Each structure stands twice: as C-alpha cells, then as structure tokens.
Amino acid sequence: MKILVCISNVPDTTTKISFSSDNKELNTAGVQFVINPYDEYALTRAIELKESLGGSVTVLNVGLADTEANIRKALAIGADDAIRVNVKPTDSFLVAQQIAAIAKQEAYDLVLMGKESVDYNGFQVHGMVAELLGWPAIVPAIKLDVAGTTATLEREIEGGKEIVQVALPVVVSCQQPMSEPRIPNMRGIMTARTKPLKVVEPVSSEAKTKTEAYALPEKKSGVKLIDPANAGELISLLRNEAKVI
Amino acid sequence: MSVLVFIECADGKVKKSSLEAAFYGNQVATQLGTSAVGVAIGEVAADELKNLGQYGITKVLHDTEARLKDYVSQAYVKVVAAAAEKESASVIVLSNTNIGTGIGARLAARLQASYATNVVALPEISGETLKVKKTVFSGKAFADEVLTAATKIIALKKNAIEVAPTGSAEAGVEPFTTPLTDADFSGTPQETIRATGDVLLTEADIVVSGGRGLRGPENWHLIEDLAKALGAATACSKPVADVEWRPHHEHVGQTGITISPNLYIAVGISGAIQHLAGVNSSKVIVVINKDPEAPFFKAADYGIVGDVFEVVPKLIEAAKALEK
Ligand SMILES: Cc1cc2nc3c(=O)[nH]c(=O)nc-3n(C[C@H](O)[C@H](O)[C@H](O)COP(=O)(O)OP(=O)(O)OC[C@H]3O[C@@H](n4cnc5c(N)ncnc54)[C@H](O)[C@@H]3O)c2cc1C
C-alpha cells in the first residue's frame, strides 16, 4: 500500500501570537515551528498501516527550505521518504493544487492529512485535493482501517459519528483519537538523515485568497469575581447583566 | 447574480447555524443589490423551509432524491454547484460545520472559487472583491482575507452575527433535481451513531464544560445537572476525554473541536493555551476553579474562586429557580 501524508509546518501550540508593525506578517522571532498536531495523527496512522499491511509512507510538505527540520522529524518517526514542493504556501488552493499534482504522479492508495492546520485553520485542503483528483474524501475521520482495496472509517459528525466504507483511493483528514503520535527515537533520528528528501519545483497554480492584515482580539476588560459563598449570584448576573441566559 | 445559501438540515429541521447563514446571506445580497436563494438537500419539513423567508431567503431549491438522505460530499457538492449555476451565484454562504466546510472545500476547487472559513463578520465590498474577517491561529487572532475570484464562498462561524428574523415573509420552495452517478455516493455511511437527548455541542448557545478538577466521571452529574438547568450542551478538556471519562466528541480545544457559544462555563479546567484555543471565541466566559492563579481567569468575564463541589450545587439551585 502506498500512502501519501501531507504535513504542514505551524507555530508550536503554546506560541503567543504577535504580528509585524504593519500587521502583515506573523512575528516568527522566537517561535518554534512544529508538525501540525492534526497531521501527526495522520502520520502515525499511516506508519501503523504500513507496519501491519506493508507498503510505503511518503511525507509531503508544500513549503520553503525552513520546513525541512520537521520533514526530517516525520522521517525519524517512520516515514520512508519525503517530497518538498518548493513554494511559499500562500493559500489553501495553491497548496491543494501542488498536492494533487504529486498524488497524480504515483498511484497512491491513500492521501492522509490533518483536518486543519492550527495556523490558518482552513479546513480546506483535503476537500480541494479530493475534488481535484475526483476521489471521495472522508472528513474529519477518527478511525481508519484498510482491508484489501476497501477503507473502513469513522467520520465525526456533530454530536456523533458515522461508519463509512469506501473503495481506495481516498483522501482522509484525521483528528484525535485516530492514533497515538510518536516521538522519534535515536535510531529513527539517525536513519532519517539518510532517507531521501526530494525537492521539486511547483506546478503552475494560482492563489484565490490573500491575507491583507492580521489583528489581535481586544483585551478582555478583566474578570468579575463572585464570592463562592453567594455563588447563585452568578446566575442572576448572567441573566441581567451579561444577558446570556 | 445572486447569493446562494446552503441550508443544512438534520432530523427534518433546518439547523440553527443555517438560520444564521441565511440571515448573513441576505445581508450580503442586500449589499450587492440582489437576493438570497437557499439550497436544501434531503428530508426536511416544507414549513421549515418556508420559514427561511423570515431570515431573508426568497426561494429555496429543494433536492429530495432518496440517496441524498445521508451526507456524502461528492453528491452534495454536485447539487450545490448545480444550484449555484442555475442561480448564477457570485457568493455562496455555508455554515462553518463539518458538513458545511466539507462542501465548501470541494466546491471551491470545482468552481475555482475564493473560499474563507471561520468568517465572523459581514464582508466589505470593493468592486469585484470581497474582504472578510476570519479567526486564525486557533482563535488567537483575526485575519482580513481578500477574496478575488469571480465566485466567493464564505463559511460563517456560529454566533458571529446577531440574527433578527422579520416574522413576515415565506420563502417559496421549488423542487430541484441534479443528475448524480453511483460514484458520487462512494462513502455513504453504513451506520450513524448519535448522542441522543442532549443539546448538540456545536449548535449550543450555552456550554458547560468540565476538566480534571471534577476528579472522575462519577462527579459528572454536576456538569450535566447544571447544563440541564440552563438548556446547555456539555463539553470537556482533553485529558478528560483521553482517560475516557467523557466521549471524544465532547473534547474542545486545539486538537478537539472549536466552539463559539454565547456562554461558556468552565468548571475545574486550568485554561491551558490549547484548551483556550477551542473556546476563546465564546462571547462570555465563566470560570470556576479553586486556584486563583489558574490561567483561565485571565480569559474570563466572570469567575468564582472556589471548590467545584461546593460552588456548582449552588449554581444548579439558582439556575433551576430561574423562570424560563
Ligand atoms: C499539542 C497539544 C494539544 C492539546 N490540545 C488540547 C485540547 O484540544 N483541549 C484541551 O483541553 N487540552 C489540550 N491540551 C492539553 C492542555 O495543555 C492541558 O493539559 C489541558 O487542557 C488541561 O486540562 P484540565 O484543565 O482539565 O486539567 P488540569 O490542568 O489538571 O487542571 C485542572 C484544574 O482544576 C482545578 N481544580 C482541581 N480540583 C478542583 C476543585 N475541587 N474545585 C475547583 N477547581 C479544581 C485545578 O486548580 C486546575 O486548574 C493539548 C496539549 C498539547 C501539548
């Protein structure tokens, strides 16, 4: 089985977000970039499937050279090889076009990725890739098993889940609790250095959206504390002052 | 030219998030000097669709083909795309739900459209472009996105806008059929497992949420009783779902689901940055924690520094005493 796992490079989840003085760029000084947490579920599930069914796991990142540390990390966790498409990922459509172009070159059975990236929170790339390939997409999935040419999945719906069977190939976006993300071990880190990382130039593509400026939310005016002895007072404040109940 | 609104239905009813999308779609249509048309798929009561008139929808195209009973992305996208073509839609509005965004992404690729998710405000229009405000960095910031393609798709975040139904007009409902192939139904669910009897977390206006401070699942009646008294949904922090005190679909935060209710009550939750990421778009945040240094108090509007086992029963009592 051939699996393609798409990973994005995002600020560590504890990052305090700030912007350049013209509000056009994220301040990256001191920010650590990690593999998007949702993508880690996709990556570890892919490796588990390879371990039980055989085949290969290729990781794919659309991004500039500064993402290679995290690509190597994915190789250290257990992917076999990697592809980096050398272009700045300015919008989801541009990224999806690159992924679809790679997926078309090789006969992948599965294209896995996280349900969204924790930077731009698009929730878009998987659906776009599936449409560009003409494949089904199961979005967002919490369970994935493969037997022969059929994938059996659990898809999260609002307030529950659905069990779905679909013929390969398919695009799947992953979220917890699909797998338990792994930490690379020493052996993995050593072998990752020798695994192939291919850099390819982008196919011609077009962004459809442009981020013009960023802003931080207004600061809260401060918490109003209520004496625990009169906790019930909170309920009347929520009704009469905040008007939310 | 028109504005098309995807109307999401469940259990024969229009979802509340779709009423917001309808109202928003009508506001955009007014800005553009056109009208808002809905497209609804599957089983839903005719009165529910007519009622969309109160939210500014003039007409609803309704596709009732039997195979569309369950959501399947490829088939649904074909229907919405056909409706967009029929109505020459320049803007398509959906709700920022699993289904809404699932459709939005495919549709954007299919129509070569500009697409923004997590949108929280009406667009600014200049010439052929729309500018929308959306949340980014898991709710830690906003971005202004400029949509430049001929067709624009907007996924509206829940509770982002005030909705004021007019209480008058009825929408016209028109049957609508779209040619579909068997391949479009690849991925039709075999089985659906729903939490029953609860207020749906993603649709809820009020959410009561518990963390590790509750000590164990045997104490969850405190969360459930308070939620019941307030007509709220229940949620939890990640470690609570990890140890299976609560089901995973209740886990909110950076790696769980993102919610934006009018009121979020956090009980025995520390307020780690990854938890906040899923709830910081809530209008009003209440925090109950015995530790006055808990980071959550910085994000809260109201707080009680106290023991949940003493405080929550008092809240339940006061909430029950409210006349509804
Ligand atoms: C990559 C990553 C992603 C993550 N994603 C998420 C996510 O999506 N959602 C999420 O929630 N977390 C997430 N986390 C975990 C997060 O960092 C915190 O560990 C978690 O939110 C803490 O949960 P908690 O507040 O329930 O538990 P704790 O941190 O243990 O806090 C319990 C709180 O309860 C209070 N308390 C205890 N007893 C009482 C009492 N009797 N009365 C009143 N208060 C009491 C304590 O003072 C404490 O503040 C993530 C972490 C990482 C690294």
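Numbers restart at 1 for each chain; the letters A, B, ... are given by sequence-line order, proteins then strands. Since we're looking at a predicted model, the values are computed, not measured.
For K69(B), the NZ atom is loosely surrounded, since the number of other residues' heavy atoms within 6.0 Å does not exceed 12. Few gaps surround CD on Q190(B); more than 12 heavy atoms of other groups in view lie less than 6.0 Å from it. In this structure, D22(A) places its CG atom where more than 12 heavy-atom neighbours from other residues, nucleotides or ligands lie under 6.0 Å away. Crowding of K283(B) atom NZ: a count of heavy atoms from other residues, nucleotides or ligands under 6.0 Å exceeding 12.
Put simply, of K115(A), E156(A), E154(A), the one with the most heavy-atom pairs under 4.5 Å next to chain B is E156(A). Ranked by heavy-atom pairs shorter than 4.5 Å toward chain A, the options E317(B), K238(B), E310(B), K15(B) are led by K238(B). Of the listed residues L238(A), V223(A), V164(A), the one with more heavy-atom pairs under 4.5 angstrom with chain B than any other is V223(A). Your options are I226(A), N23(A), V166(A), I163(A), and the one with the most heavy-atom pairs under 4.5 Å with chain B is I163(A). Interface check for chain B: of the options P136(A), G232(A), G160(A), the most heavy-atom pairs under 4.5 Å are formed by P136(A). Heavy-atom pairs under 4.5 Å with chain B peak, among V139(A), L132(A), I157(A), at I157(A). Highest contact tally toward chain B, considering only A130(A), P37(A), A151(A), is held by A130(A) [criterion: heavy-atom pairs under 4.5 Å]. Among N262(B), L263(B), L107(B), the residue making the largest number of heavy-atom pairs under 4.5 Å with chain A is L263(B).
When heavy atoms are compared at a cutoff of 4.5 Å, Y214(A) approaches chain B by way of both its backbone and its side chain. With a threshold of 4.5 angstrom between heavy atoms, K133(B) does not approach chain A through any atom at all. Using a 4.5 Å cut-off between heavy atoms, Q112(B) touches chain A through backbone and side chain atoms alike. The parts of L237(A) that come within reach of chain B are both its backbone and its side chain, each placing non-hydrogen atoms under 4.5 angstrom from that chain. Residue A213(A) touches chain B through both its backbone and its side chain, counting heavy-atom pairs closer than 4.5 Å. With a 4.5 angstrom heavy-atom cutoff, Y120(A) touches chain B via backbone and side-chain atoms both. Contacts between K219(A) and chain B at a heavy-atom distance below 4.5 Å are absent for every atom of the residue. When heavy atoms are compared at a cutoff of 4.5 Å, L234(A) approaches chain B solely by way of its side chain, counted from C-beta outward.
Listed here is the closest heavy atom pair of G256(B) and Y38(A): O-OH, 3.3 Å. Across every non-hydrogen atom of F123(A) and G102(B), the tightest pair is CE2-N, 4.5 Å. The shortest non-hydrogen separation linking A167(A) to S186(B) is N-OG, 4.5 Å. G187(B) approaches I138(A) most closely through the heavy-atom pair CA-CD1, 4.4 Å.
Side-chain atoms of E131(A) never come within 3.5 Å of backbone atoms of A105(B) as a donor-acceptor pair (strictly under, hydrogens ignored). Listed for the K140(B) side chain is a donor-acceptor partner under 3.5 Å among the backbone atoms of T15(A). Under a 3.5 Å cut-off, the side chain of T117(B) and the backbone N or O of G122(A) do form a donor-acceptor pair. Checked by atom type and distance alone, the side chain of K208(A) never pairs as donor or acceptor with a backbone atom of T151(B) at under 3.5 Å. Of the possible polar contacts, one joining the N118(B) side chain to the N121(A) backbone as a donor-acceptor pair under 3.5 Å is found. Counting only distance, with no hydrogens or angles, the side chain of T14(A) and the backbone of I273(B) share no donor-acceptor pair below 3.5 Å.
In this structure, D91(A) and Y115(B) have side chains that are not in contact, with every pair of non-hydrogen atoms separated by 4.5 Å or more.
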E162(A)/Y71(B) under side-chain hydrogen bond (donor to acceptor under 3.5 Å, both in side chains): CA gap, chis, key distance, verdict: CA-CA 10 Å; E162(A) 282 172 353; Y71(B) 166 68; over 6 Å; no
